[in-house]
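Structure, as structure tokens:
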Number of protein chains: 2
Amino acid sequence: MEEQIQKILKHNQLSVTGGRTKILELFLAQDDALAHADIERKTGEKFDRVTVYRTLQTFLEKGIIHSIPTADNSVKYALCKDNCSEGHHHDHHVHFMCSVCGKTLCIDEVSVPVVNLPAGYKVEQIQMIVTGVCKDCA
Amino acid sequence: MEEQIQKILKHNQLSVTGGRTKILELFLAQDDALAHADIERKTGEKFDRVTVYRTLQTFLEKGIIHSIPTADNSVKYALCKDNCSEGHHHDHHVHFMCSVCGKTLCIDEVSVPVVNLPAGYKVEQIQMIVTGVCKDCA
DNA sequence: ACAAAACTTGCAACTCTGTTGCAAGTTCTT
DNA sequence: AAGAACTTGCAACAGAGTTGCAAGTTTTGT
């Protein structure tokens with residue numbers, strides 16, 4: 001795992017530092033999306049708030065993670081799958097947010113259905129946010 | 001229009017006040033979604049920031065407006081269509097956000113396609129956020 | 001139409017989230 | 001191993017959103 005993390009960081013031309021390693025570790029160990037506050041809590045306040053913000057932004061820019069707009073307008077982040085780092089544009093995403101436990105999951109098994117917009121509209125990106133009850137809370 | 005506004009407020013058991021009337025007026029005169037800041041600007045700073053927040057929250061609770069999660073994680077609000085006030089749950093929405101002019105529109109002409117989630121997931125609400133270029137900016 | 005009750009507003013103060021500049025510290029390169 | 005390049009923490013700040021409370025407005029009942 002350590003090795004995998006180093007590989008990801010190097011591959012993105014980022015210095016291997018304690019903060020980045022720890023945060024990446026969190027994402028790898030997690031199956032659902034993390035909010036900034038979750039990360040601060042889980043790192044045991046070992047890093048400065050600012051460092052967490054900057055790390056997340058760096059990861060976003062490099063395409064290591066992506067941000068998820070949730071139905072309650074809070075910001076969450078999730079790890080991109082392997083193919084994301086190959087430079088694709090995250091232009092299709094389905095995210096599921098459980099209204100009971102609050103977990104936010106990337107639903108990869110489902111592809112975003114095509115939407116036909118009125119004439120003249122050009123689509124660049126489609127995000128779907130499905131709210132409901134997850135299989136653990138049902 | 002004045003009359004329509006009063007009707008909406010009364011129907012939702014809300015006192016008819018200057019602030020609420022003005023904000024509802026804005027929404028009725030607008031074809032795209034408004035952010036809190038837009039409203040403050042457009043009311044000419046006539047009302048306290050807090051009043052605007054509270055008014056928006058009241059309208060949300062009463063189902064007069066709904067909030068839109070945007071791809072950049074800012075909060076926008078839009079008027080619900082007539083049938084919304086009849087108590088339905090906004091469980092399907094397509095919103096289009098123009099990356100050129102920034103306008104956010106409710107796309108009503110398009111219904112949200114059905115998504116098949118993995119077994120065990122119960123769907124309550126589906127929001128789609130389509131980002132791209134609108135017909136005016138194309 | 002009026003007074004009392006119920007609700008709404010503005011103010012002040014505060015919390016929470018996110019950002020920026022800068023100096024000190026760490027990592028990388030050769 | 002030393003210098004260059006990058007990263008971190010700190011302090012200070014900006015903005016978004018919230019809360020309590022007193023004063024003001026709207027509504028209700030008579």
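Below, chain A is the first sequence line, B the second, and so on; all start at residue 1.
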Check your understanding: Got a minute to check which stems DNA chain D is part of, using Watson-Crick or G-U wobble pairs under 3.5 Å, three or more consecutive?
Key ->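 If one scans DNA chain D for consecutive Watson-Crick or G-U pairs, the stems found are C:1-30 with D:1-30.
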Review point. If every non-hydrogen atom of Asp31(A) is compared with every non-hydrogen atom of Leu105(A), which pair is closest and at what distance?
Key: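 Of all heavy-atom pairs spanning Asp31(A) and Leu105(A), the closest is O-CD2, 3.8 Å.
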Review point. Considering all heavy atoms of both residues, which atom of Asp32(A) and which atom of Thr104(A) are nearest to each other, and what is their separation?
Key: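 Closest heavy-atom pair between Asp32(A) and Thr104(A): CB-O, 3.0 Å.
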Review point. Any idea how Tyr121(A) and Phe96(B) line up, ring-wise: parallel (<30°), tilted (30 to 60°), or perpendicular (>60°)?
Key: perpendicular
Point to revise | Any N/O donor-acceptor pair, Arg54(A) side-chain to dG9(D) base, under 3.5 Å | key: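 A donor-acceptor contact between them is present.
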Review point. On a plain distance test, is the side chain of Arg49(A) in donor-acceptor contact with the base of dG9(D) below 3.5 Å?
Key: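 Per atom types, no contact qualifies.
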Distance, rounded to the nearest Å, where [X] contributes [atom1] and [N] contributes [atom2]:
X	N	atom1	atom2	result
Gln13(B)	dT26(D)	CD	P	19 Å
Tyr53(B)	dT15(C)	OH	C1'	13 Å
Asp48(A)	dC10(D)	CG	C1'	7 Å

Check your understanding: Distance-only, no hydrogens or angles: does the Arg20(B) side chain make a donor-acceptor pair with backbone N or O of Ser15(B) under 3.5 Å?
Key -> yes
Practice item. Find out whether Met128(B) and Ile129(A) are in side-chain contact, i.e. whether some heavy atom of one side chain is under 4.5 Å from a heavy atom of the other. Key: no
Check your understanding: Base, sugar-phosphate, or nothing: which does Arg20(A) touch, judged by heavy atoms less than 4.0 Å apart?
Key -> sugar-phosphate
**Study point:** Candidate nucleotides dA16(D), dG9(D), dT9(C), ranked by approach to the side chain of Thr51(B) - the nearest
**Key:** dT9(C)
I'd like a table of atom pairs between the protein and nucleotides 23-30 of chain C - only N or O on both sides, under 3.5 Å - with the distance next to each one.
from    : atom 1 : to       : atom 2 : distance (Å)
dC28(C) : OP1    : Val16(A) : N      : 2.8

